[in-house]
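Reading through the structure tokens given below for one structure.
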Number of protein chains: 2
Amino acid sequence: MPFTLIAMLRTAPSDSFRTGSLASVLETEIERLILAGTIQPGERINENQLAARFGTSRGPIREAIRALEGAGMVEAIPNRGVFVRTLSVGEVREVYDVRAALFGLAGRLMADRATSGDVETLDDFIARMEAAASALDFESYYPLNLAFHAFILDACGNATLAAEYKAFVKRLTLFRARSLVQGGGLGVSNREHREMVEAVRARDAQWAHDAHWRHVINAKNRLLAVVRAEEAAVEVPSAGGTHGDDQTSGR
Amino acid sequence: MPFTLIAMLRTAPSDSFRTGSLASVLETEIERLILAGTIQPGERINENQLAARFGTSRGPIREAIRALEGAGMVEAIPNRGVFVRTLSVGEVREVYDVRAALFGLAGRLMADRATSGDVETLDDFIARMEAAASALDFESYYPLNLAFHAFILDACGNATLAAEYKAFVKRLTLFRARSLVQGGGLGVSNREHREMVEAVRARDAQWAHDAHWRHVINAKNRLLAVVRAEEAAVEVPSAGGTHGDDQTSGR
DNA sequence: CCATCTGAAAGTGTCGACAATCCCGTTGAC
DNA sequence: GTCAACGGGATTGTCGACACTTTCAGATGG
């Protein structure tokens, strides 16, 4: 099974063109393993094992891992190996705050640059998400939500921003219970989506910024609330107020 | 000369502890070469040459380069080599916008979290920069300015944000005339600094965000103005209005 | 019974060599 | 004279092997 894997990947239909350099293929592939949870956060990455799995030598594997390290997905400890990063609650909060800032910028740019066609597409997304939400169809809601966010990033006209935002979203997968990350009430989330689109339609940059920013901050607070409740349930029911507040100033 | 270089670096006084893994040393070292302009933007990076220069084999060099690729400092083209990235004017604008969003967040966080000691330190920076500015002492103003910004990032309590911001600042070095990047009237810049600190002192998160954000946006506009003037001087003096506007909505 | 030493196994760090690819000046044909 | 095929040289891509470090289990001594 391992031997033909690489041959397949290098001519894979996914990226088809310019697949080049084994290392870059391996990078995506190892990232996939991490994102899928095959290699769990905190786990050590075994170079020999991966090399055997993909049927290559360790050279390209090491290069791929180094690239992932730059992306903040893994952490290398000299002579000990590289480990899949784990995000503490504090780091999750940090990432969410950065994400909020970036998404706020995306909103601002959308208000400035979105074409009427873009706004139509956004409306369409909203409608479809609303349908899925009222039908409680979680299965189709989640990918729609993802596509909605991705569309905003791609349409806002700042490729640097888009790349960075996506990298941060990926990082959130490294939080222990990543199932929670995508959580958050469908209805609430969609109400926020509607405001975002309204602000863009109105070409109000400040409003759009705030709406987009708040959307992420609210997601952060919903997540942190769940985490905190979870922790409190485990702890001895005494004075266990975790740490400081979590709203990064509500404007 | 090359043979002892690595031995020196690995026990260098700079990082002293846990220098480990040649690759990470080489990463900083190659980055230094790029930042210093020894390897110019757009130039190809020759693996053999670097290996000879540092007295190592190509393996660690390749790993270091892959890490730099992840950081957005170089760009790899399969079977052609890796090139030091060059930033177009458009990309510079993108990077500045992202920087502004990140710095705005730093300002917001400072307003929430800065200790009175932090504010004192900020005041001190302002005073020293003002002294340097009125003495027209550019040599000492620039590092102070850098340290001022670095302090804000470190004190705002979000390490993820700090790392990301610093990476973006580094990227700006890849713009052709990086001399312009640090430019911008001393006096104007310092007026903006004062407002930033005032907002933090007042614990006004929104004001602090806006002041920090505007500081970067203004720097962007100053740079773009110079670039545009430069371009206009070269072009035929006819209708040559470059491209769109540059203010990302002035609030 | 616990602490310490020791050595083998596992795994990372680095190297030199070979294969594949690309670049560029040259040759040849039309 | 221009264009296309064609090598030689340089450079990247990949591999297998060796050196060094860490880890862990078992032996040894208190």
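Below, chains carry the letters A, B, ... as their sequence lines are ordered, and counting in each starts from 1.
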A:H149 and side-chain hydrogen bond (donor to acceptor under 3.5 Å, both in side chains): which single residue from A:K166, A:H212, A:H215 fits? A:H215
Run the ring-ring contact (aromatic ring centres under 6.0 Å, His included) test against B:F168 and tell me which residues pass, sequence neighbours left out. none
Axis-to-axis angle for the helix from C:dC1-D:dG30 to C:dC30-D:dG1, ends of five pairs each, to 10°, equals 0°
Among the nucleotides C:dC15, D:dC15, C:dT14, whichever has the atom closest to the side chain of B:T56 is C:dC15
Rounded to whole Å, how long is the line connecting atom CZ of A:R62 with atom P of D:dG13? 17 Å
For DNA chain C, determine which residues of residues 70-77 of chain A have any heavy atom closer than 4.0 angstrom to one of its atoms, and list them numerically. none
Taking the minimum atom-to-atom distance to the side chain of B:R58, which one of D:dT12, D:dG16, C:dT14 wins? D:dT12
Heavy-atom nearest pair, B:V216 first then B:R99, reads CG1-CB, 4.0 Å
Whole-Å gap separating P (C:dT12) and CG (B:L22): 17 Å
Qualifying residues under salt bridge (charged side-chain N to carboxylate O under 4.0 Å, His left out), relative to A:E94, sequence neighbours excluded: none
Begin from the C-alpha positions of A:L153 and A:F103 and carry the test side-chain contact (heavy atoms from CB on, under 4.5 Å) through to its verdict. CA-CA 8 Å; A:L153 268 300; A:F103 202 52; 3.6 Å; yes
Kindly say whether A:S88 contributes a backbone atom to a donor-acceptor pair with the side chain of A:E91 at under 3.5 angstrom? yes
In whole Å, what is the span from the CD1 atom of A:I61 to the P atom of C:dT14? 18 Å
Can you name the residues that form a side chain to side chain donor-acceptor pair (under 3.5 Å) with A:N218, not counting sequence neighbours? A:E192
Could you tell me whether the side chain of A:D118 and the main chain of A:T115 form a donor-acceptor pair under 3.5 Å? yes
Nearest atoms (heavy-atom pairs only) where B:L35 meets B:T173: O-CG2, 3.8 Å
Once you round it to whole Å, what is the distance between P of D:dT14 and CZ of A:F54? 14 Å
Provide, to the nearest angstrom, the distance between the CG atom belonging to A:N79 and the P atom belonging to C:dA9. 21 Å
Begin from the C-alpha positions of B:M73 and B:I34 and carry the test side-chain contact (heavy atoms from CB on, under 4.5 Å) through to its verdict. CA-CA 8 Å; B:M73 297 294 292; B:I34 295 173; 4.1 Å; yes
Is the ring pair A:F148/A:F125 parallel, tilted or perpendicular, if the boundaries are 30 and 60 degrees? perpendicular
Generate the contact string for nucleotides 6-11 of chain D. Rules: B means base contact, S means sugar-phosphate contact only, - means no protein heavy atom under 4.0 Å. -----S
